[in-house]
Amino acid sequence: MKKSLLGAILVFALIITPIDTKAASTCSYKEQAELNEIANNVKANYEVIDIYDGKIVEMDSGEEVDPIVDYYVRGFKISILNVTDDVYVTVTNDYDSSIQTFYSKDAKDGIVSFETKNVAKVINYTIEVHSNKYTCIGELYRKLYIKTPVYNSQSNMAACDEYPEFYYCQEFIDGETVDFNTFLTRLEKYKSNKTEEEKKKEEENQSVIEKIKEFYEKNKIVIYIITIVVIISGVATTVILIKKRRSRVL
C-alpha cells in the first residue's frame with residue numbers, strides 16, 4: 001500500500017513539474033555546424049557620434065538675423081558586421097522593451113547599424129544571431145553583448161582642461177555619474193595623489209642624479225685616465241690609418 005502511494009506521488013510530481021529541455025534542432029548536424037560557423041563570424045561594436053537632432057536658432061551669432069542651424073547631440077552608432085543572407089539578428093536592451101530585427105538587406109557596405117541618443121545611463125544590449133535558412137529558420141545560434149557608457153556632464157568643467165586624464169573628466173564613463181560636490185571632492189583627492197606621485201618621482205630622479213654625482217666624485221681620477229686613454233687610442237688609430245692610406249697611394 002505504501003509503495004503504491006509513493007508511486008502515485010512520484011507520477012503526480014512528474015506531471016506537475018516542468019521539465020526544462022531544449023528542443024532538438026530541425027536542421028542536420030552538418031547544417032548546424034555551418035550555421036554555427038556563420039554565426040561565430042558576426043561581430044558587433046559601437047562608436048560615439050554626433051546625431052542630427054533638428055534645427056535651432058543660433059543666438060548671439062553676431063549677425064543681424066540669427067541663423068537657423070543644424071543641431072547635433074552626442075550618441076552612439078552600434079554596428080553589427082557579417083550579417084549574411086543565412087542569418088538575421090535581433091537586438092534588445094535593458095533600457096526599454098524594444099526589439100529590433102535586422103537582415104542582410106538592411107546592411108550598408110556589409111554592416112548593419114543603428115543609432116541611439118540614449119546616453120543618460122549605461123545600457124546593455126543583447127544581440128541574438130538566428131538561422132535564416134534550411135528547416136531551422138529562427139533558431140538561436142549565438143548571443144553577443146555590448147554595453148554603452150553614460151554621458152558625463154562634468155567633463156565640461158573648466159578643471160578638466162587641466163586634468164583631462166581624471167576619470168570623471170572623461171566625456172563617457174562606464175559607471176554612474178556623480179553630482180558636482182562629489183566631483184570636486186574626488187578631483188581634489190586625485191590632485192593630491194597626483195602631486196604625491198610627481199613628488200615621489202622627482203625624488204627618485206633626484207636620487208639617481210645624486211648617485212651619479214657621488215660615483216663621479218669617487219671615481220673621477222679613474223674616469224679621467226680612461227677618457228685620456230680612449231682619446232689617445234683614437235688619435236693613434238687615426239694616424240696609423242692615414243699613414244697606411246698614404247703608403248698605399250705611394
Side-chain angles (χ1 to χ4, degrees), residues 20 22 35-56 69-132 137-161 163-187 189-190:
D20 185 15
K22 184 177 180 180
L35 287 166
N36 274 319
E37 184 176 355
I38 294 169
N40 286 334
N41 285 329
V42 177
K43 311 295 180 185
N45 58 51
Y46 77 86
E47 61 180 315
V48 179
I49 61 170
D50 292 321
I51 301 176
Y52 178 72
D53 199 41
K55 294 184 178 293
I56 62 169
V69 298
D70 292 335
Y71 179 65
Y72 293 85
V73 297
R74 299 294 265 171
F76 300 109
K77 178 181 180 181
I78 297 176
S79 300
I80 308 170
L81 294 70
N82 302 325
V83 179
T84 67
D85 293 336
D86 304 316
V87 293
Y88 69 90
V89 296
T90 58
V91 182
T92 57
N93 62 74
D94 60 357
Y95 177 76
D96 56 32
S97 57
S98 65
I99 301 176
Q100 295 174 279
T101 304
F102 299 99
Y103 294 85
S104 60
K105 63 182 178 64
D106 301 310
K108 183 178 181 181
D109 298 326
I111 300 173
V112 169
S113 62
F114 63 94
E115 299 175 354
T116 175
K117 300 174 187 175
N118 293 326
V119 298
K121 63 173 293 184
V122 173
I123 299 178
N124 295 285
Y125 290 89
T126 300
I127 300 168
E128 296 185 345
V129 184
H130 299 264
S131 167
N132 194 38
I137 292 177
E139 289 185 8
L140 176 63
Y141 275 81
R142 191 183 181 198
K143 285 187 179 183
L144 297 89
Y145 304 93
I146 286 184
K147 181 173 76 172
T148 54
V150 60
Y151 175 73
N152 176 31
S153 59
Q154 309 293 1
S155 61
N156 294 317
M157 299 291 295
C160 289
D161 294 335
Y163 299 97
E165 72 283 358
F166 176 50
Y167 177 73
Y168 288 102
C169 280
Q170 308 304 307
E171 184 181 19
F172 289 93
I173 58 178
D174 291 329
E176 295 302 321
T177 56
V178 295
D179 57 40
F180 179 68
N181 290 333
T182 304
F183 170 81
L184 290 180
T185 300
R186 295 186 181 181
L187 177 61
K189 183 177 180 181
Y190 173 81

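On a predicted model such as this, the values are computed, not experimentally measured, just so you know.
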Grab the two heavy atoms, one from [X] and one from [Y], that are nearest each other, plus how far apart they are.
| X | Y | answer |
| --- | --- | --- |
| Pro164 | Gln170 | O-NE2, 2.7 Å |
| Tyr88 | Ser131 | CE2-O, 3.3 Å |
| Asn45 | Ile146 | N-CD1, 3.5 Å |
| Gly75 | Ile51 | CA-CD1, 3.8 Å |

Would you please name every residue forming a ring-ring contact (aromatic ring centres under 6.0 Å, His included) with [X], sequence neighbours left out?
| X | answer |
| --- | --- |
| Phe172 | Phe76, Tyr151 |
| Tyr72 | Tyr52 |
| Tyr141 | none |

Practice task
Under the salt bridge (Lys or Arg N to Asp or Glu O under 4.0 Å) rule, collect the residues that match up with Glu165, sequence neighbours excluded.
Solution key: Lys194
Exercise for the section: With sequence neighbours excluded, tell me which residues meet salt bridge (Lys or Arg N to Asp or Glu O under 4.0 Å) with Lys43. Expected result: none
Using side chain to side chain donor-acceptor pair (under 3.5 Å) as the criterion, list what pairs up with [X], not counting sequence neighbours.
| X | result |
| --- | --- |
| Lys77 | none |
| Asn36 | none |
| Ser155 | none |
| Asn181 | none |

Handout entry: No-hydrogen, no-angle side-chain donor-acceptor test under 3.5 Å, Asn152 and Thr177
Key = no
For the residue pair [X] and [Y], establish whether any side-chain heavy-atom pair is separated by less than 4.5 Å.
| X | Y | answer |
| --- | --- | --- |
| Tyr163 | Leu187 | yes |
| Tyr167 | Tyr190 | no |
| Ser153 | Phe183 | no |
| His130 | Thr90 | yes |
| Asp86 | Asn132 | no |
| Val91 | Thr126 | no |
| Val42 | Leu81 | no |
| Ile127 | Ile80 | yes |

Practice task
Take Thr148 and Val122 through the side chain to side chain contact (heavy atoms under 4.5 Å, CB included) test and state the conclusion after the steps.
Solution key: CA-CA 6 Å; Thr148 54; Val122 173; 6.0 Å; no
Handout entry: Residue pairs fulfilling salt bridge (Lys or Arg N to Asp or Glu O under 4.0 Å) with at least one residue in residues 107-124, sequence neighbours excluded
Key =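 Qualifying pairs: Asp53-Lys117.
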Exercise for the section: If a pair satisfies salt bridge (Lys or Arg N to Asp or Glu O under 4.0 Å) and one of its residues is in residues 166-186, list it, with sequence neighbours excluded. Expected result: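 As it turns out, the salt bridge (Lys or Arg N to Asp or Glu O under 4.0 Å) pairs with a partner in residues 166-186, which skip direct neighbours, are Arg74-Glu171.
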Handout entry: Side-chain donor or acceptor of Arg142 paired with backbone N/O of Glu128 under 3.5 Å
Key = no
Practice task
Given side chain to side chain contact (heavy atoms under 4.5 Å, CB included), test Tyr125 with Tyr145 step by step and report yes or no.
Solution key: CA-CA 6 Å; Tyr125 290 89; Tyr145 304 93; over 6 Å; no
Exercise for the section: Step by step, work out the side chain to side chain contact (heavy atoms under 4.5 Å, CB included) result for Ile173 and Val150. Expected result: CA-CA 6 Å; Ile173 58 178; Val150 60; 3.7 Å; yes
Practice task
Determine whether more than 12 heavy atoms belonging to other residues, nucleotides or ligands lie under 6.0 Å from atom CG of Asp85.
Solution key: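 Not more than 12 within 6.0 Å, no.
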Practice task
For atom CZ of Phe114, decide whether the heavy atoms of other residues, nucleotides or ligands shown that lie under 6.0 angstrom number more than 12.
Solution key: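 Atom CZ in Phe114 is packed in, count exceeds 12.
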Handout entry: CG on Asn40 to CG on Leu144, rounded to 0.5 Å
Key =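 One finds 9.0 Å between CG of Leu144 and CG of Asn40.
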List, one per line, each side-chain donor-acceptor pair under 3.5 Å for residues 92-100, sequence neighbours excluded.
unit_1: Asn93; atom_1: OD1; unit_2: Tyr95; atom_2: N; d: 2.7
unit_1: Asn93; atom_1: OD1; unit_2: Asp96; atom_2: N; d: 2.8
unit_1: Asn93; atom_1: ND2; unit_2: Asp96; atom_2: OD1; d: 3.2
unit_1: Asn93; atom_1: ND2; unit_2: Ser98; atom_2: OG; d: 3.4
unit_1: Asp94; atom_1: OD1; unit_2: Asn124; atom_2: N; d: 3.0
unit_1: Asp94; atom_1: OD2; unit_2: Asn124; atom_2: ND2; d: 2.9
unit_1: Asp96; atom_1: OD1; unit_2: Ser98; atom_2: N; d: 3.0
unit_1: Asp96; atom_1: OD1; unit_2: Ser98; atom_2: OG; d: 2.6

Exercise for the section: Let me see the working for Val83 and Tyr103 under side chain to side chain contact (heavy atoms under 4.5 Å, CB included), right down to the final yes or no. Expected result: CA-CA 7 Å; Val83 179; Tyr103 294 85; 5.9 Å; no
